[in-house]
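Each remark here refers to the structure printed beneath this line.
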Amino acid sequence: WITVVVMIIAKGLSYSLSNPAKEMMYIPTSNDIKFKSKGWIDMFGSRLAKATGNQFNEVFKHSIHSLITYGTLVSLGLISIWIVIVILVGRTFNRLTKENCIVE
């Protein structure tokens, strides 16, 4: 029962917080670019991320210590890259909104 409750809470938070935030995070672009990038993210990006995580778990399924160690290292590396990307995208977003421009 605990697993079911945790999954319900995780899915609820994902739909209520993550998905709306994902929809708002586009740099000002034309509708065509927004449509294509959203389609790619929804169809390929999320499934690719899930498949990669599944493969990582499959490799280390026999050693929980290795899974935690390497999983933590990979996660921290991805978080570091993500922080740099977020800073750059945030600066671009601020510049484009001040100039009232869009990316074509």
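Atom CD of Glu99 is separated from atom CG of Asn94 by 11.0 Å, given to the nearest 0.5 angstrom. Atom OG1 of Thr3 sits about 11.0 Å away from atom CD1 of Ile8, to the nearest 0.5 Å.
For Tyr70, the OH atom counts as loosely surrounded, since its 6.0 Å shell holds 12 or fewer non-hydrogen atoms of other residues, nucleotides or ligands. Taking a 6.0 Å sphere around CG of Asn100, one finds it holds 12 or fewer heavy atoms contributed by other residues, nucleotides or ligands.
Residues Met43 and Leu48 fall into different hydrophobic clusters, defined by Ile, Leu, Val, Met, Phe, Trp and Tyr side chains chained together at heavy-atom separations under 4.5 Å. The hydrophobic cluster containing Val89 does not contain Leu78, counting ILVMFWY residues as joined when their side-chain heavy atoms lie under 4.5 angstrom apart, directly or transitively. Residue Leu73 is not grouped with residue Trp82 when hydrophobic side chains (ILVMFWY) are merged at heavy-atom distances under 4.5 angstrom, including chains of intermediate members. The cluster map of Ile, Leu, Val, Met, Phe, Trp and Tyr, joined by side-chain heavy atoms under 4.5 Å apart, puts Leu88 and Val86 in different clusters.
In this structure the side chain of Thr92 reaches within 4.5 angstrom of the side chain of Arg95, judged on heavy atoms.
Each of Ile85, Ile79, Val84 was evaluated against Ile81; a single residue qualifies, Ile85, per the side-chain contact (heavy atoms from CB on, under 4.5 Å) test. Partner of Thr72 under the side-chain contact (heavy atoms from CB on, under 4.5 Å) criterion, chosen from Val74, Thr69, Leu76: Leu76.
Contact between Ser66 and Phe60 at its shortest, heavy atoms only, is CB-CD2, 3.6 Å.
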